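Just below is one structure, and these are the notes that go with it.
Please read all numbers here as calculations on a predicted model, not as lab measurements. Order of the sequence lines sets the chain letters (A, B, ...), proteins ahead of strands, with each chain counted from 1.
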Amino acid sequence: MEVRFAVKSMYDEAMFYHQLVASMPKKQEVEKPRFLLPPLGYQELVLLPVMLFVFYSVFRDLPWPERAVQSAAAAFLAWGILKLNRKRQKQAKEKKAEETDEKAQLKAQARALLSNSLLDGDRCSLEFYDEGFQFENSGITTWYEYEGVAWLKETPKYVLIFWNRSMSLPVEKAGIHRGNAVQFPAFLEKRCGKRIERVRVEE
Amino acid sequence: MEQLKEQDARFIVHHEVTEDKLLHLEKGVRIIGFQSRGRRVVTALCLLSVFTFILAYVSDSVLRIVSAAIGLVSLLLAVCCLYSFFREWHYAKKEIKRQFANLAGREKACWEYRFYDQCYEVVGLHELSHVKYSYIGRVLNLSGMLVLVEKGNVVRYFMQKDLTKGDGEGLRQFLEKKCKRPVETVRV
């Protein structure tokens, strides 16, 4: 049997972190309501009258009914733009905080898994043949057939072969020392009969 | 990679994954987790509440009220810890049953474990492993279920009655000798 691809990796925090991120179920997008009345807070109660007064003062040359209508329209428009901008900034800030918090939790989980695995710093290797692939480290040698692969995922650093829900084999892209690394994902897709799902990982 | 000769195996286990085995394993893992951490916390809280209730009984005025309050809070926290433990166990059981209901009609997952002098072999549907005994981190006996915890967070489990060659006691002694560590017994 000819080795088509050979990979060497090391167990480290990044390996477990990428596996954790790739194992997470997809976040379901929350359906935003199409139309929602803006809530009235203390900012609205203060800002709106101030803007109304400012525009009323600016349009002093107009007759008073027209002046009232135009200043009201301008004030509402200006207030609306400011509010939208503030809302976007707030949402971006909240999303960033949530992602940072989630990332920190996953990194902590990865560190714990690495520590419990007793494999920190150990090396492992994978060899891919046409019929299957072999995994080896200091204590175990396993032969896998492509038919048993459940699904495939790819992160910026690893291609992850999921054997079942709770076990995945990470293939470090930088560790491919035999075969063309660029052709590896396509080879795997063809052998396993599965499409590789790309997963975004923030380091 | 070639399979080793079956006749050379000292012990052979034919293991089929069933709902009962998963529930048994889950219960055992939770008991171990509780024994290692939760039990200390609950015991400490119970002792604190007993001590503060006694203090409340023997003292008077402000100290009595404060001690009684601390005792009550400690007791409530201990009850909360126990409630949380049983609730998580209930949800885990429900999840296992749900997963098995989804798999109904499909072929059951099964493995064969063959124990040789130099290593043990794991034969699955699309996989074959040779594992050195030094790769095992822990060996547990959960009331008739043997659990091998390998490095890399891999857990292999089977019931002693699944043995098709050899006996459970002999396997336990064999594993103690090969892994150079005692088998931890946990009552489930």
Please look at A:Tyr146 and chain B and tell me whether the side chain, the backbone, both or neither of the residue comes under 4.5 angstrom of a heavy atom of that chain. neither
Pick one of side chain, backbone, both or neither for A:Gln134, based on which atoms fall under 4.5 Å of a heavy atom in chain B. side chain
In the structure I gave you, are the side-chain heavy atoms of A:Trp143 and B:His130 within less than 4.5 Å of one another anywhere? no
Do you know which of B:Val149, B:Val154, B:Leu128, B:Ile136 has the most heavy-atom pairs under 4.5 Å to chain A? B:Leu128
Counting only heavy atoms not in A:Arg67, do more than 12 fall under 6.0 Å of its CZ? yes
Please say whether more than 12 non-hydrogen atoms of neighbouring residues, nucleotides or ligands are located less than 6.0 Å from CZ in A:Arg178. no
Would you name the heavy atoms of B:Met1 and A:Thr142 that are closest together and state the gap between them? CE-CA, 4.3 Å
Applying a strict 4.5 Å limit to non-hydrogen atoms, the region of A:Leu118 in contact with chain B is both
Close side-chain approach of B:Glu150 to A:Ile140, heavy-atom, < 4.5 Å: yes
Please check if atom NZ in B:Lys27 has more than 12 non-hydrogen atoms from other residues, nucleotides or ligands closer than 6.0 Å. no
Please find the pair of heavy atoms, one from B:Asn153 and one from A:Leu113, that lie closest to each other, and give the distance. ND2-O, 3.3 Å
What option among A:Leu114, A:Val149, A:Asp122, A:Leu119 has the most heavy-atom pairs under 4.5 Å with chain B? A:Leu119
Other residues, nucleotides, ligands: >12 heavy atoms within 6.0 Å of B:Lys165 NZ: yes
Counting only heavy atoms from other residues, nucleotides and ligands, does the tally under 6.0 Å from CZ of B:Arg87 exceed 12? yes
Hey, is CD on B:Glu2 packed in by over 12 heavy atoms from elsewhere, all under 6.0 Å? no
So, does B:Lys151 use its side chain to make a donor-acceptor pair with the main chain of A:Ser138 at under 3.5 Å? no
Tell me whether the count of non-hydrogen atoms from other residues, nucleotides or ligands lying under 6.0 Å of CZ in B:Arg37 goes above 12. no
Enter the distance from A:Phe133:CZ to B:Glu127:CD here, rounded to the nearest 0.5 Å. 9.5 Å
